[in-house]
Amino acid sequence: MNSKRKWGKWVLVGVILVILAVLGYFAKMYLELENLLDTGDAGNLPQSYQTMKDDNGTDLSQVKEKDVYTVLVAVTDKGVQEENRNGENTDVLMYIRLDNKAHKMNILQIPRDTYVGDISVNCGVYHRINGAYLHGSNKENPIANTANAIYELFGLKADNYAVMDVEGFRTMLNTMGGIWMNIPRDLHEKNTHELIVPAGDVKISGDSAEIILRNRSTTLGDYDRLELQQSFYAAVFRTFMEQYPIGDALQVAKNTAVYLKTDFSVMDLVAIYLSMKDLKPEDIYVVRCSGGPITIVGDDGKKAALYGVEKENTARILNEHFRPEGVTVSPEQLGLPDVEYHLGYNVDEGKRLSDVKTAEIKD
């Protein structure tokens with residue numbers, strides 16, 4: 001055997017060994033993640049949803065779509081440091097529609113203090129949607145309570161879910177080494193009005209992100225906080241898409257998975273990640289529920305400031321961005337309660353993630 005053939009042989013052997021090492025790494029990571037992922041105490045989504053018909057008489061509970069993921073995402077306030085909470089209210093609540101065929105993702109931000117009225121799901125004394133997870137009657141499957149509340153209010157059915165507590169949220173960001181985020185406005189402490197974080201570019205860790213993303217020291221409360229969260233989503237998306245190959249992403253997933261409750265399998269999550277890798281910021285649409293501050297009297301006779309979702313524009317946005325083609329639901333068919341806006345309300349038309357200002361990465 002001449003030297004060239006011998007050299008070629010060892011190159012081939014080297015390539016094979018590298019491929020086997022890579023496959024071994026991913027196989028090991030897969031098995032570790034598979035053992036960590038679980039529905040945990042979140043339980044399972046409803047096996048079926050109550051009948052709700054669209055304008056053409058189609059039962060929304062029976063509508064199925066090919067190549068579309070509909071996902072309910074929640075972050076609970078368990079482990080919140082600034083208020084020493086250890087509850088299970090959903091501090092962040094999103095409904096995501098990932099359409100692989102149309103190559104786009106739409107995100108509906110649902111304010112945590114959304115007033116639900118007298119729907120069938122118990123949401124606590126003040127009838128806030130963030131209380132469905134804790135107070136709903138299905139104690140074995142608390143995520144089913146939240147899913148049913150969203151379906152009754154908006155006519156949106158979730159096929160899968162992901163729930164994480166604040167500790168998992170902190171761990172994810174700290175594993176990533178923090179991320180650079182643009183803060184769109186000065187942030188002040190709610191009671192003292194002391195400046196906490198000035199507007200501009202800042203690198204946030206898990207602990208500082210909690211303070212920033214829960215800030216509601218404005219007259220618009222939840223509505224402004226959701227804008228802050230949009231800036232955060234844009235920062236996370238850019239960081240993952242531009243700086244994280246799948247191997248690094250899996251490492252972040254491994255460190256975070258213990259805090260994640262989900263009915264997704266590892267292969268499902270990998271498929272979603274690969275689908276999202278092809279998305280650009282302009283392919284991602286994010287919108288807040290239109291509405292404004294309202295005052296209600298709780299079951300304890302005390303007044304509370306909540307968020308009232310406005311029906312007309314919400315119905316239009318849902319029909320345009322969160323339903324299958326040809327499926328429309330009128331405002332009257334939604335389960336949203338009628339409320340009075342003494343201070344007016346805001347209409348959010350949504351924006352592409354490319355329109356959200358991002359920070360310059362400085363390291």
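With sequence neighbours excluded, no residue forms a ring pair (Phe, Tyr, Trp, His ring centres under 6.0 Å) with Y95. With sequence neighbours excluded, the residues forming a side chain to side chain donor-acceptor pair (under 3.5 Å) with K311 are D338, listed by chain and number. Residues forming a side chain to side chain donor-acceptor pair (under 3.5 Å) with D99 (at least two apart in sequence, or on another chain): none. Under the ring pair (Phe, Tyr, Trp, His ring centres under 6.0 Å) criterion, H103 pairs with no residue, sequence neighbours left out.
By the neighbour-count criterion of 12 heavy atoms within 6.0 Å, atom CG of D118 is sparsely surrounded, having that number or fewer from other residues, nucleotides or ligands. Residue K139 places its NZ atom among more than 12 non-hydrogen atoms of other residues, nucleotides or ligands, all under 6.0 Å distant.
Rounding to the nearest 0.5 Å gives a distance of 12.0 Å between CD1 of I129 and CZ of R112. Remark: T295 OG1 to K303 NZ distance equals 7.0 Å, nearest 0.5 Å. Atom CG of N148 sits about 8.5 Å away from atom OG of S48, to the nearest 0.5 Å.
A side-chain donor-acceptor contact under 3.5 Å links N174 to the backbone of R170. A distance-only check finds a donor-acceptor pair linking the side chain of Y151 to the backbone of Q50 [under 3.5 Å]. With hydrogens and angles ignored, the 3.5 Å screen pairs no side-chain donor or acceptor of T90 with any backbone N or O of V75. In terms of modelled atom types and a separation under 3.5 Å, the side chain of H127 and the main chain of Y115 share no donor-acceptor contact. R185 contributes no side-chain N or O that, together with a main-chain N or O of P198, makes up a donor-acceptor pair within less than 3.5 Å. Although no hydrogens or angles enter the test, the distance criterion places a donor-acceptor pair under 3.5 Å between the side chain of N122 and the main chain of G124. No side-chain donor-acceptor contact under 3.5 Å links Y69 to the backbone of N160. In this structure, the side chain of S231 does not engage the main chain of V356 through any donor-acceptor pair within 3.5 Å. Distance alone, capped at 3.5 Å, is enough to place a donor-acceptor pair between the K157 side chain and the V63 backbone. Judged by distance alone, the side chain of D113 and the main-chain N or O of Y307 form no donor-acceptor pair under 3.5 Å.
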Working note: N138 + N145, criterion side chain to side chain donor-acceptor pair (under 3.5 Å); need CA distance, chi angles, decisive distance, verdict. CA-CA 6 Å; N138 194 336; N145 300 321; 5.1 Å; no
Working note: V327 + E325, criterion side-chain contact (heavy atoms from CB on, under 4.5 Å); need CA distance, chi angles, decisive distance, verdict. CA-CA 6 Å; V327 174; E325 185 176 354; over 6 Å; no
L334 and V329: side-chain contact (heavy atoms from CB on, under 4.5 Å), yes or no, with the steps? CA-CA 7 Å; L334 298 177; V329 179; 3.9 Å; yes
Quick one, T328 with N319, criterion side chain to side chain donor-acceptor pair (under 3.5 Å). Give me CA distance, side-chain angles, the key distance, then yes/no. CA-CA 5 Å; T328 60; N319 290 336; 5.1 Å; no
Worked verdict on V116 versus L153 for side-chain contact (heavy atoms from CB on, under 4.5 Å): CA-CA 7 Å; V116 303; L153 293 170; 3.7 Å; yes
Please lay out, stage by stage, how D268 and S265 fare under the test side chain to side chain donor-acceptor pair (under 3.5 Å). CA-CA 5 Å; D268 287 333; S265 69; 3.1 Å; yes
Just do the salt bridge (Lys or Arg N to Asp or Glu O under 4.0 Å) check on D67 and K101 with the steps written out, would you? CA-CA 6 Å; D67 298 323; K101 189 174 181 180; 6.0 Å; no
Stepwise side-chain contact (heavy atoms from CB on, under 4.5 Å) check, D263 with L45: CA-CA 8 Å; D263 57 354; L45 289 170; 3.8 Å; yes
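Between Y285 and H321, the ring planes lie parallel to each other; the angle is under 30°, not in the 30° to 60° tilted range.
The side-chain heavy atoms of E152 and V121, taken from C-beta on, include a pair separated by under 4.5 Å. F264 has its side chain within reach of I272: a pair of non-hydrogen atoms, C-beta onward, lies under 4.5 Å apart. When side chains are defined from C-beta on, L318 counts as touching L108, because their heavy atoms get closer than 4.5 Å. Residues S290 and E310 form a side-chain contact, since some pair of their non-hydrogen atoms from C-beta on lies under 4.5 Å apart. At least one side-chain heavy atom of E320 sits less than 4.5 Å from a side-chain heavy atom of R316. Within the 4.5 Å cutoff, side-chain heavy atoms of T314 are placed close to those of F154. Contact check for L260 versus V163: no side-chain heavy atoms found under the 4.5 Å cut-off. Taking the side chain as every heavy atom from C-beta outward, I107 and V287 never approach each other to under 4.5 Å.
Residue pairs meeting the salt bridge (charged side-chain N to carboxylate O under 4.0 Å, His left out) criterion with at least one partner in residues 40-64, sequence neighbours excluded, are D41-K261.
Of all heavy-atom pairs spanning L98 and M105, the tightest one is CD1-CB, 3.9 Å. The shortest non-hydrogen separation linking D165 to G168 is OD1-N, 2.9 Å. Listed here is the closest heavy atom pair of V286 and L353: CG1-CD1, 4.2 Å. Counting all heavy atoms, side chain and backbone alike, Y49 lies closest to A147 at OH-CB, 3.7 Å.
Criterion: ILVMFWY side-chain heavy atoms under 4.5 Å apart, direct or through other members. Under it, M172 and L228 are part of a common hydrophobic cluster. Connection of V73 to V68 is not established within any shared hydrophobic cluster, with ILVMFWY side chains joined at heavy-atom distances below 4.5 Å, either directly or through further cluster members. In the hydrophobic cluster analysis, where Ile, Leu, Val, Met, Phe, Trp and Tyr join through side-chain heavy atoms closer than 4.5 angstrom, Y345 is grouped apart from L336.
Residue L343 shares its hydrophobic cluster (ILVMFWY side chains chained together at separations under 4.5 Å) with no other residue.
E65 has a carboxylate O that lies under 4.0 Å from a charged side-chain N of R97, or vice versa, which qualifies the two as a salt bridge. Looking at E282 and K104, no side-chain N of the basic residue comes within less than 4.0 Å of a carboxylate O on the acidic one, giving no salt bridge.
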